[in-house]
Amino acid sequence: DQQVKQNSPSLSVQEGRISILNCDYTNSMFDYFLWYKKYPAEGPTFLISISSIKDKNEDGRFTVFLNKSAKHLSLHIVPSQPGDSAVYFCAASVSTGANNLFFGTGTRLTVIP
Amino acid sequence: GAGVSQSPSNKVTEKGKDVELRCDPISGHTALYWYRQRLGQGLEFLIYFQGNSAPDKSGLPSDRFSAERTGESVSTLTIQRTQQEDSAVYLCASSLFRQGRAFFGQGTRLTVV
């Protein structure tokens with residue numbers, strides 16, 4: 001049973017435009033959410049996170065939005081750059097519980113120069 | 001080292017053989033995760049260790065899979081009687097408890113022929 005879902009396996013965006021990656025979750029106990037970026041032949045690297053007490057967190061070109069009522073989060077990258085081309089995973093955990101991390105299936109972003 | 005280290009980086013084994021994968025977490029990280037990523041798939045949770053608590057083994061796909069961790073140090077993932085469907089990249093990650101953000105190793109690419 002997939003508790004974290006990324007329904008778009010791939011996304012292509014022109015350089016300079018906005019990339020929006022989406023993620024949905026089913027477990028209402030999740031209160032901490034993360035985005036990871038993965039290049040081929042490398043392990044995922046942490047990108048940005050958000051706690052459920054917030055609805056937005058921004059770090060440079062990356063912004064994560066959380067809609068708790070819809071159990072939905074999104075990652076916005078603006079402006080998109082060719083180096084952003086990678087697979088993006090969202091993850092969620094219950095910070096007051098066992099703290100296990102549950103991952104989505106990933107979205108492959110391609111930024112076209 | 002400063003990061004999560006996994007060995008070997010690549011392993012080719014014959015069907016039916018046993019393999020052992022190693023993970024050295026970041027020093028001081030009490031939480032340790034194993035995931036695998038099959039070709040074209042997302043991150044599949046395998047097992048989670050947190051300090052001296054009983055590990056969460058709910059993701060192990062069969063009784064051919066087992067993992068150990070001694071204290072807060074090295075972990076080994078063992079796959080017995082390997083099958084071709086075990087071919088995947090096996091990723092290890094570690095984190096401080098309740099910090100949420102996990103750091104990944106570069107993975108072990110296992111190929112069963």
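- There is no side-chain donor-acceptor pair under 3.5 Å between A/Thr110 and A/Ser85.
- Side-chain atoms of B/Thr30 and B/Gln50 form a donor-acceptor pair, as typed in the model, at a separation below 3.5 Å.
- For B/Glu44, no part lies near chain A; criterion is any non-hydrogen pair under 4.5 Å.
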Just distance, no hydrogens or angles: give the donor-acceptor pairs under 3.5 Å from side chains in residues 85-93 of chain B, sequence neighbours left out.
| from | atom 1 | to | atom 2 | distance (Å) |
| --- | --- | --- | --- | --- |
| B/Asp86 | OD1 | B/Arg64 | NH2 | 2.9 |
| B/Asp86 | OD2 | B/Arg64 | NH1 | 2.7 |
| B/Asp86 | OD2 | B/Arg64 | NH2 | 3.2 |
| B/Asp86 | OD2 | B/Gln83 | N | 2.8 |
| B/Ser87 | OG | B/Gln84 | O | 3.0 |
| B/Ser87 | OG | B/Val112 | N | 2.9 |
| B/Tyr90 | OH | B/Arg36 | NH1 | 3.3 |
| B/Tyr90 | OH | B/Asp86 | O | 2.6 |

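- Side-chain N/O atoms of B/Ser95 and B/Tyr33 include a donor and acceptor closer than 3.5 Å.
- Transitive grouping of hydrophobic side chains (ILVMFWY, heavy atoms separated by less than 4.5 Å) brings B/Trp34 and B/Leu60 into a common cluster.
- Of all residues spanning residues 42-51 of chain A, those with a heavy atom less than 4.5 Å away from chain B's heavy atoms are A/Glu42, A/Gly43, A/Pro44, A/Phe46, arranged by number.
- Between the side chains of A/His72 and A/Asn67, no donor-acceptor pair of N or O atoms lies under 3.5 Å.
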